[in-house]
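Everything on this sheet refers to the single structure shown next.
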There are 2 protein chains.
Amino acid sequence: MRALELVRSGTEADLLVTLFGRCRVTYEGRAASTLGPGDRLVVLKPDGTALVHANEGHQPVNWQPPGSTHAGRLADGELVIESTRESPAERLLVRFEALGHAAAFDPTDPNELALSGTEADLRDRILKSPSLIEDGFEPRATERQTSAGAVDVYGEDADGRAVVLELKRRRAGPDAVSQLNRYVDALDRERHADATVRGILVAPSVTDRAHRLLAERGLEFVSLAPPDSSE
Amino acid sequence: MRALELVRSGTEADLLVTLFGRCRVTYEGRAASTLGPGDRLVVLKPDGTALVHANEGHQPVNWQPPGSTHAGRLADGELVIESTRESPAERLLVRFEALGHAAAFDPTDPNELALSGTEADLRDRILKSPSLIEDGFEPRATERQTSAGAVDVYGEDADGRAVVLELKRRRAGPDAVSQLNRYVDALDRERHADATVRGILVAPSVTDRAHRLLAERGLEFVSLAPPDSSE
DNA sequence: CTATATATGTCGTTA
DNA sequence: TAACGACGTATATAG
């Protein structure tokens, strides 16, 4: 079978292999799933990634993470792709009952994605212009460690009070407030100073629930978004 | 150009279109990105999804969500795929300087994925055998609403005290504890009863930090995993 | 390896 | 539509 040869030689030669056809899929590992017959696109990458894409959705209906091992074989005359990995033990089986297409490509890709508008960009914006938070704010550290984890930005306000910033690149919800709250609690406990630590959530906006939570916990909010790519 | 025709007729006819070749990609929307020349697989789905897959990783290096609109055109003799959506406004541009392959398929897929080992399965396991939590535990409601959101499982212990369960299908971290804490706080405030609400995190295991957080907040932990698919 | 938090997260469900 | 939380999340980074 030509497709089987393609899968074998393709994975062997570190090619990107694509298959399209009618197949069933079973998965067992962190969870377990079965998928009845249907037409899907299967992609096998040289890094061990396997993707099964149906006709809808951004996400693959089934997959195997990078580092997996792909193998092709025939069972009752049908092409079967088996992708496995250990730690955690996971196995993906794709059984084709009809194959419309099979191809292999040499994917040389020297360039990396350049992305802007991330939380890191928001942080850099604040470090460059601390007054965006408030007059007199002075950043002292990023990723400052606490017993509750690393704080996005740590600094002092105009009165010398300790300030913790938690940054979100988009509208923030209750989880962001809880996160900030954990850091403030931890620092309050560790610093055993007179003044309590101020906690400020920095995001373009917050949800109602998050806003209430901030108030309950005595935390603050500053509206700020990552810079446009043009800035 | 044959590939252009394929893209146009394929998207028109609700086919799944795949392209492989050397391309550059730019994206602007919730964030912004550029990607220099390299060999990638582009997938256009009939639901408006666009995927750009490089040779590595489970995730597409660039994409456009379902509901987007794809268009193909020629610019200086090169095939350009443009995928846009509104709300939020986002635009993906893929410009091929070399095309190795183009194909279109009719993806009929009547079957849905059947998945087990989820949080819902863990919840059902508890509802069927409440003593897995502790002797005398009695579930009263799932998705019980509070001012902080819906609680996974709400019930009473042997002494008639209110109990909130927060379920996680896998090892739980600090965020899960914060979530549980929010629900317990909300119920304590709403119920204005004498006895405080008990909060129990139910997961296969917890991280050290999560364990400490539970102790600080007076919350509890019960080790329990979703059932095997065989169970 | 694990732990932690981000993500153009996506996706489903519900108000 | 927005909000909220789950996801086989994946991914990067620090320890």
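Sequence lines set the chain letters: A, B, ... in the order given, protein chains first and strands last, and positions in each chain run from 1. The analysis underlying the following values was restricted to heavy atoms, covering all of them including side chains, and did not include hydrogens, waters or symmetry mates.
Residue A/R212 places no side-chain N or O under 4.0 Å from the OP1 or OP2 atom of D/dA3. At the phosphate of D/dT9, neither OP1 nor OP2 sits under 4.0 Å from any side-chain N or O atom of A/W63. Side-chain N/O atoms of B/T207 include one lying less than 4.0 angstrom from OP1 or OP2 on C/dT4. Close to C/dT4, at under 4.0 Å from its OP1 or OP2, lies a side-chain N or O of B/R209. Residue B/Y183 places no side-chain N or O under 4.0 Å from the OP1 or OP2 atom of D/dC4. Regarding contacts with the backbone of D/dT9, a side-chain N or O of B/R169 is found under 4.0 angstrom from either OP1 or OP2. Side-chain N/O atoms of B/R85 include none lying less than 4.0 angstrom from OP1 or OP2 on C/dT8. In this structure, A/Q145 does not reach the D/dA14 phosphate: none of its side-chain N or O atoms is under 4.0 Å from OP1 or OP2.
The residue B/A148 sits close only to the backbone: its heavy atoms come under 4.0 Å of sugar-phosphate atoms, none of a base. Within 4.0 Å of A/A172, counting heavy atoms only, lies no atom of the nucleic acid at all. Contacts of B/G57 with the nucleic acid, taken as non-hydrogen atoms under 4.0 Å apart, involve only primed sugar atoms and P, OP1 or OP2. Nucleic acid contact class of B/R182 (heavy atoms, under 4.0 Å, all strands): sugar-phosphate only. Contact annotation for B/P88: no contact, since no heavy-atom pair falls under 4.0 Å across all strands. Residue contacts shown for A/P65 include a base, since a base heavy atom lies under 4.0 Å away. The residue B/R91 sits apart from the nucleic acid: no heavy atom pair falls under 4.0 Å.
Taking the side chain of A/Q59 as heavy atoms from C-beta on, and the options D/dA10, D/dG5, C/dT10, the nearest nucleotide is C/dT10. Here the nucleotide nearest the side chain of A/R30, chosen from D/dC4, C/dG9, D/dT9, is D/dT9. When the nucleotides D/dC4, C/dT6, D/dA6 are ranked by their closest atom to the side chain of A/E119, C/dT6 comes out on top. Of the candidates C/dT8, D/dG8, C/dC11, the closest approach to any side-chain atom of B/E90 belongs to C/dT8. Among the nucleotides D/dA10, D/dG5, D/dA3, the one closest to any side-chain atom of A/R171 is D/dA3. For A/Q64, counting side-chain heavy atoms from C-beta on, the closest listed nucleotide (D/dG8, D/dA6, C/dT10) is D/dG8. You'll find that the side chain of A/K168 is closest to C/dT6, out of D/dT1, C/dT6, D/dC7. Distance from the side chain of A/E166 is smallest to C/dT6 among C/dT6, D/dT9, D/dA6.
Using modelled atom types and a 3.5 Å distance limit, the side chains of A/S83 and A/R91 yield no donor-acceptor pair. Side chain to side chain, B/D121 and B/T118 meet the donor-acceptor criterion of an N or O pair below 3.5 Å. Side-chain contact check for A/T49 and B/E56: no donor-acceptor pair (N or O, by modelled atom type) lies under 3.5 Å. Side-chain contact, B/S178 with A/N181: no donor N or O sits under 3.5 Å from an acceptor N or O.
A/Y27 places its OH atom 12 Å from the P atom of D/dC7, with the value rounded to the nearest Å. For A/D228 and C/dT8, the CG to C1' distance is 14 Å, given to the nearest whole Å. Counting to the nearest Å, the C1' atom of C/dA7 and the CZ atom of A/R170 are 8 Å from each other. Between the C1' atom of D/dG5 and the CG atom of B/L180 lies a distance of 14 Å, rounded to the nearest Å. The separation between A/D175 atom CG and D/dA6 atom P is 10 Å, rounded to whole Å. When rounded to the nearest whole Å, the span between CG of A/L201 and C1' of C/dT6 equals 15 Å. Rounding to whole angstrom units, CG of residue A/D208 and C1' of D/dC4 are separated by 13 Å. In this structure, A/E112 places its CD atom 12 Å from C1' of D/dA12, rounding to the nearest Å.
Below the 3.5 angstrom threshold, one finds a donor paired with an acceptor across the side chain of B/N62 and the base of C/dT8.
Using atom C1' as the reference point in both D/dA6 and D/dA10, the two lie 14 Å apart (nearest Å). Taking atom P in both C/dT4 and D/dG8, the straight-line distance is 22 Å, to the nearest Å. Nucleotides C/dC11 and D/dT11 are separated by 16 Å at their P atoms, to the nearest Å.
Side-chain N or O atoms of B/R144 include none that pairs as donor or acceptor with a backbone N or O of B/Y154 at under 3.5 Å.
In terms of position on DNA chain D, the residue among B/E56 and A/E143 whose nearest nucleotide sits closer to the 5' end is B/E56. Between A/D152 and A/H58, the residue whose closest nucleotide on DNA chain C is further toward the 5' end is A/D152. When each of A/G173 and B/L113 is assigned the nucleotide of DNA chain D bearing its nearest heavy atom, the one mapping closer to the 5' terminus is A/G173. Take the nearest nucleotide of DNA chain C for A/Q179 and for B/S33: the residue whose nucleotide is more 5' is A/Q179.
Taking the side chain as every heavy atom from C-beta outward, B/K45 and B/P66 never approach each other to under 4.5 Å.
Paired with B/I126 under the rule side chain to side chain contact (heavy atoms under 4.5 Å, CB included), one option of B/V222, B/T142, B/I133 passes, and it is B/I133.
A salt bridge links B/E90 and B/R85; the closest N-O separation between the charged side-chain nitrogens and carboxylate oxygens is under 4.0 Å.
With a 3.5 Å ceiling on both atom-pair distances, C/dT8 lacks any Watson-Crick or G-U wobble partner.
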